Protein chains: 2
Amino acid sequence: MYTSIRIKNRKLIKMSHKKKEIMEKLKNDILSLELKPGTLISETSLSEKFNLSRTPIRDILKQLSLQGFIDIYPKKGNIVSYIDLESVEQITFLRSTLEKEIMKDLSSNIPITGLHNLMSILAMQNECIESKIENQDKLIRFMVLDDRFHKTLFELAGRKFLWNLIQQFNVHYMRYRKLHAFKKEKLRELLQGHQEILDCIVHGQKDRIDDLVYHHIRADINSPYFRENFMEYVKTPSKLV
Amino acid sequence: MYTSIRIKNRKLIKMSHKKKEIMEKLKNDILSLELKPGTLISETSLSEKFNLSRTPIRDILKQLSLQGFIDIYPKKGNIVSYIDLESVEQITFLRSTLEKEIMKDLSSNIPITGLHNLMSILAMQNECIESKIENQDKLIRFMVLDDRFHKTLFELAGRKFLWNLIQQFNVHYMRYRKLHAFKKEKLRELLQGHQEILDCIVHGQKDRIDDLVYHHIRADINSPYFRENFMEYVKTPSKLV
DNA sequence: AAACCATAACTTGTATACAAGTTAAGACTG
DNA sequence: CAGTCTTAACTTGTATACAAGTTATGGTTT
């Protein structure tokens, strides 16, 4: 039995390249809703598909389960998780609360380069809306930029750690957002929210921040549009599993 | 290949009883610092100790690693993680920010039974301080009550979900707190903080909350007492792993 | 004595066989 | 035809053998 581990590779390599690749693919497919909630994902099918034994596949599924991407029913099977509205609401509260605080911090002292970054992201979002890209692609592009905007705010405030932490538990929020923001006016609204937030930061209007962030992030948790169209994706007690 | 999973056991049983037991034991031993940071934890040793094959043991270690309890160095070994001060600071910021918001919510409308619960916890904390219990046990008892106080606040505000989420990533904060609060005056100080917070909630003094929470949770991140005594537990780039 | 090298002993990673629980389908019974 | 039972096919859980990388040891060389 050894008594210590020698230093050599400073970095903790937590996963082989291939495993990481498979996990990223599964995550993407689930987040993009290509794999619909309720879809069965058996170890053997993945094992055959990716030409890898069940053991490493199980590692991946275990981790996905801990992050809410799938639900594991012992001896029955694994399914892509249904969207949990409770989680959406709670994560939304978490984000809005954190971002209010972060923006107040930033409104006192934001570096000029950071400001430029944020502004350029808004310009790209505007460009994205006006462009003739097809609807689905446009939405994805816009959302990527949306994330980049918020992530940048976290980074500028020295809170990258928390951004990454939240990202790990974002499955339900991300899918909800994707589904319910599928309208052009919605995108304009979101962009305007960003612009107003940036204005506040620049002009140090701390008192306006609370309301802005609230409306930007939390406003439509109970979107009727969502409830009318996507209830089949939502976690309900009676759902067949 | 099946196409759906029949409902029967509504509950997702994520782990067998034995596995859960082992995991809880490991978590407790790490949190209590009985297992010191840097301690090697090999799969085979656990496997022999608990009379279980390596496969389920690996499941446990994988999960502990994701929650920051241990670090896995492939083909080298697993160690109990060193305390990551960055994580302590970030989680502290997260908690203080969330709790400020939660307390503002509660100061408007807190149910009377909830208030009684909180008060009885404070009474027990006071009793704990005055009692003749030995130091180590007293500290543990006090900290359990401390957690119960904060947890109750989360629950009353409908934020149990977030409390549980944070708990999963509390390893570094919990161990830091345990080490640096190891003084009697410290305990009185913490209790007084609780009492002031409760006062604010009762009297709806929202403007005082920010400062109180800040001091209660965040005040001594850079505790010299901690740095002088426990640096051997702290994650540093040069640490032998 | 110091540096080097081969090798044995250890570590975790992967593949696979088997165990145990769940589901689906069909034969059987009333 | 409806209901029940048996059984085969499926699922994940566990044990174990082997693969591959890392470390420690001790002998050899210089």
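A note on names: the letters A, B, ... follow the listed sequences, proteins ahead of strands, and every chain is numbered from 1. Just so you know, these numbers come straight off a predicted model, no measurement behind them.
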Could you please spell out the steps behind the salt bridge (charged side-chain N to carboxylate O under 4.0 Å, His left out) verdict for B:R141 and B:D137? CA-CA 6 Å; B:R141 263 186 69 87; B:D137 288 347; over 6 Å; no
Does NZ or CZ of B:R159 come closer than 6.0 Å to the centre of the six-membered ring of A:F93, within 45° of the ring's axis? yes
Can you tell me the distance, in whole Å, between the CG atom of B:L61 and the P atom of C:dT11? 13 Å
With heavy atoms under 4.0 Å as the rule, sort B:K62 into base, sugar-phosphate or nothing. nothing
Would you mind reporting whether B:L46 and B:L26 have side-chain heavy atoms less than 4.5 Å apart? yes
Taking the side chain of B:S16 as heavy atoms from C-beta outward, which of C:dT23, D:dT14, D:dT12 is closest to it? D:dT14
In whole Å, I'd like the distance from the NE2 atom of B:H17 to the C1' atom of D:dG13. 17 Å
Tell me the interatomic distance from A:D59, atom CG, to C:dA15, atom C1', rounded to whole angstroms. 13 Å
Nearest-angstrom distance from the residue atom CD1 of A:I70 to C1' of D:dT12: 12 Å
Looking at the side chain of B:T55, which of D:dT14, C:dT23, C:dT14 is the nearest nucleotide? D:dT14
Give one of base, sugar-phosphate or nothing for B:I41, where a contact means two heavy atoms less than 4.0 Å apart. sugar-phosphate
Do any side-chain nitrogens or oxygens of A:K19 fall under 4.0 Å of OP1 or OP2 in C:dT14? yes
If you count every heavy atom of other residues, nucleotides or ligands that lies below 6.0 Å from B:K27 atom NZ, does the total exceed 12? yes
Which part of the nucleic acid, if any, lies within reach of B:K18 when heavy atoms closer than 4.0 Å are counted: base, sugar-phosphate only, or nothing? nothing
Presence of A:S53 side-chain N/O under 4.0 Å of C:dT14 phosphate oxygens OP1/OP2: no
Residue whose nearest DNA chain D nucleotide is more 5′ - B:L52 or A:S45: A:S45
Interatomic distance where CZ belongs to A:R58 and C1' belongs to C:dA15 [whole Å]: 14 Å
At 4.0 Å (heavy atoms only), tell me whether B:S42 reaches a base, stays on the sugar-phosphate, or touches nothing. sugar-phosphate
Taking C-beta and beyond as the side chain, do A:S96 and B:E101 meet within less than 4.5 Å on heavy atoms? no
Closest to side chain of A:N78, choosing from D:dT23, C:dT23, D:dT12: D:dT12
B:L64 has an atom CG; how far is it from atom C1' of C:dT12, in whole Å? 16 Å
Position toward the 5' end of DNA chain D (nearest nucleotide), A:T3 or B:K75: B:K75
For atom CD of A:E43 and atom P of C:dT16, their distance in whole Å: 15 Å
Here the distance between atom C1' of D:dC10 and atom CD of A:E48, to the nearest Å, is 13 Å
Where each residue is assigned the nucleotide of DNA chain C containing its nearest heavy atom, which of B:G77 and A:P56 is assigned the position nearer the 5′ end? B:G77
In this structure, are over 12 heavy atoms from other groups packed under 6.0 Å from B:K20 atom NZ? no
Measure from the side-chain heavy atoms of B:Y2 and tell me the nearest of C:dG13, C:dT22, C:dT16. C:dT22
